[in-house]
Number of protein chains: 2
Amino acid sequence: MTRASSRRPGPPTRTERGIPEATVARLPVYLRALTALSDSGIATASSEDLATAAGVNSAKLRKDLSYLGSYGTRGVGYDVEYLRYQIAREIGVTQDWAVVIVGIGNLGHALANYSGFGTRGFRIVALLDADPKLVGERIGDMEVRDFAELEHIVETDRVSIGVITTPAGPAQEVCDRLVAAGVTSILNFAPVVLSVPDGVDIRKVDLSIELQILAYHEQRKSGEVALPQVPELPATNALTPDLPAVGGGVIA
Amino acid sequence: MTRASSRRPGPPTRTERGIPEATVARLPVYLRALTALSDSGIATASSEDLATAAGVNSAKLRKDLSYLGSYGTRGVGYDVEYLRYQIAREIGVTQDWAVVIVGIGNLGHALANYSGFGTRGFRIVALLDADPKLVGERIGDMEVRDFAELEHIVETDRVSIGVITTPAGPAQEVCDRLVAAGVTSILNFAPVVLSVPDGVDIRKVDLSIELQILAYHEQRKSGEVALPQVPELPATNALTPDLPAVGGGVIA
DNA sequence: AGGAGCTTGTGAACGTGAGAACAAAATCGG
DNA sequence: CCGATTTTGTTCTCACGTTCACAAGCTCCT
Ligand SMILES: NC(=O)c1ccc[n+]([C@@H]2O[C@H](COP(=O)([O-])OP(=O)(O)OC[C@H]3O[C@@H](n4cnc5c(N)ncnc54)[C@H](O)[C@@H]3O)[C@@H](O)[C@H]2O)c1
Ligand SMILES: NC(=O)c1ccc[n+]([C@@H]2O[C@H](COP(=O)([O-])OP(=O)(O)OC[C@H]3O[C@@H](n4cnc5c(N)ncnc54)[C@H](O)[C@@H]3O)[C@@H](O)[C@H]2O)c1
């Protein structure tokens, strides 16, 4: 509340062309839905059609789109190609983004083999690993290179996005190197909380967390009322009594 | 406002032991942080310590934990082992959940090779694929089985969680089969919006979307004010003019 | 025993997000 | 040219989530 002139309750905030985060997260879904419609030869779609294709409700979709501008036509709907272009431009996928992947193990290999990135908006410019045995291996039309080349590659290819698929242990160190080299957006698959300086964006993908969230809901579907019995509180902060061993491990 | 007796502003809602969704999503993070602390030999931790380890602010952490009960000690903090057990119990990872993975391609292989699930709370009971060439292949101590065996396996092993790593095309069909077989929680990696009946939970992991969200923020870091020029609106809903080809493709 | 010092648990204020509802704008048929 | 019909863009309201701030409660020291 220090700036932003005189803000009354008003709309969500929308700081000078700033789009609400929840909306930003849905734009890629709309983009994909539009592409699907386009591929089906559909030229115009109503908010209802689009909302169905994107799995949201139509009021939300219209409000989301309204943050970008007025790209629809009342009584008609949206021109699929035109809207697709507008969203792509807003997200920034009209240009190509250079990406490096660090840690070419199980997951790194899968990502490297994946054609979905290359096709649209993202270009993988390097696969990096610290393991000398992996360096030089060919994956598709790329070759695994030594992690030491990071700084050089980032500078040469103007890399702004880094993907971390190393084990949890070295992830923070790798992250620091990426940031120092000039990478300002990071997608992290390692199950650790990474800390980055201001100005660097970080997102994480965490399988174990997703499964655990599902487990929570699953538990309450079946058990419903019958939750496992709670062991009595420890008398004081006594040195941990014998509780069943349970997980959520650091390695998980 | 139809039910729930007389709801005044009151607390978030907390429908009869129901924990807010945002909190549920963070509990696994706390669980991991506690395991890390435990492994470092730390027996007691304050909300501040825990919050730092989990990458959230301490007020939020305390409020989250308060939904589970009063497991801390004022002036002291939380007993690490005890809290870890309580969270694990609440999430439901004190028991093992049987999981099937459908679609053993690049990503399915990576998941199958991953030790992180098996270690705690989740047990992969089958790897399924429709491709006869893959059926029979060994991955670790498991063997790829025919997708046709799904129903049998789900029943025998009481599978409640399914992971979909097939291409987008067959994903809905696979999903329907899973649901029909009795699976009530699904983790989907295919870039499509799956529809499921009430009572089935679904979560998605979508790489392209994550990257596109990063791209959005990246674009506004660099360009800041200088956004690419907007082409003029189409006069009417004329058949789509010549816009640059852009992505977010269905395959992505 | 009593007070000083910490740290939890929670009430209250604030901000963000979702959805219902509707006026405004466009098309179309007569 | 007008009224019926369709569908957007937006307003209003309620629900949810986050953060602050502080009383209550615990430990330890004197
Ligand atoms: N494989 C999965 O399905 C899966 C699922 C969920 C999470 N994860 C997480 O993803 C990450 C990768 O998993 P994985 O199965 O591919 O592991 P992995 O062990 O197969 O591969 C890790 C790779 O990182 C490389 N590496 C290690 N230290 C490095 C460093 N300092 N610099 C550069 N490279 C380094 C290793 O040489 C190895 O090639 C892990 O953190 C894991 O927890 C994996
Ligand atoms: N590989 C990645 O890094 C990556 C990244 C992001 C998203 N994805 C998505 O994850 C999914 C899998 O990717 P992938 O690279 O492993 O693909 P893939 O083509 O390597 O593997 C797909 C597997 O699914 C099997 N399959 C096809 N139809 C099936 C059916 N009806 N029933 C059972 N099995 C069937 C195929 O035989 C194949 O083995 C895709 O939807 C992809 O878009 C993958």
Specify the separation, in whole Å, of atom NZ of A:Lys60 and atom C1' of D:dA15.
13 Å
Measure from CG on B:Asp64 to C1' on D:dG17 and round the result to the nearest Å.
10 Å
Between B:Tyr78 and C:dG9, is there a side-chain N or O to OP1/OP2 distance below 4.0 Å?
yes
Verify whether one side chain among A:Ser185 and A:Asp201 offers a donor that lies under 3.5 Å from an acceptor in the other.
no
Hey, does the side chain of A:Thr73 come within less than 4.0 Å of C:dA26's phosphate (OP1/OP2), counting only N and O?
no
Phosphate OP1/OP2 of D:dC16: any B:Tyr67 side-chain N/O under 4.0 Å
no
Looking for any heavy atom pair under 4.0 Å, which part of the strands does B:Ala22 touch: base, sugar-phosphate only, or nothing?
sugar-phosphate
Kindly say whether A:Ser58 contributes a backbone atom to a donor-acceptor pair with the side chain of A:Glu48 at under 3.5 angstrom?
no
Per A:Ser70 side chain, nearest of listed nucleotides C:dT8, D:dG9, D:dT19
D:dG9
On DNA chain C, check which nucleotide each of A:Gly75 and A:Asn57 is closest to and give me the residue with the more 5' one.
A:Asn57
If you compare every side-chain N and O of A:Ser47 against the phosphate oxygens of D:dT8 (OP1, OP2), does one of them come in below 4.0 Å?
yes
Between C:dT8 (P) and B:Asp79 (CG): distance, integer Å
13 Å
If I take atom OH in residue B:Tyr71 and atom C1' in nucleotide C:dT10, what distance separates them, rounded to the nearest angstrom?
17 Å
B:Lys63 side chain near C:dT10 phosphate (N/O to OP1/OP2, under 4.0 Å)
no
Take the protein atom CD of A:Glu21 and the nucleotide atom C1' of D:dC16, then report the distance between them rounded to whole Å.
17 Å
Between the side chains of B:Asp49 and B:Thr52, does any donor sit under 3.5 Å from an acceptor?
no
Roughly how many Å is it from CD in B:Gln86 to P in C:dG9, rounded to a whole number?
12 Å
Out of C:dC22, C:dT7, C:dT10, which has the shortest distance to the side chain of A:Arg62?
C:dC22
A:Arg26 side chain N/O closer than 4.0 Å to the phosphate oxygens (OP1, OP2) of C:dA18?
yes
A:Gln172 side chain near A:Val192 side chain, heavy-atom distance below 4.5 Å
no
What is the separation between atom CG on A:Leu83 and atom P on D:dG9, rounded to the nearest whole Å?
9 Å
Tell whether A:Arg74 reaches the base of D:dT7 with its side chain through a donor-acceptor pair below 3.5 angstrom.
no
Considering only heavy atoms from C-beta outward, does the side chain of A:Leu31 approach that of A:Arg84 to under 4.5 Å?
yes
Roughly, in whole Å, what's the span from CG in A:Leu61 to P in C:dA18?
12 Å
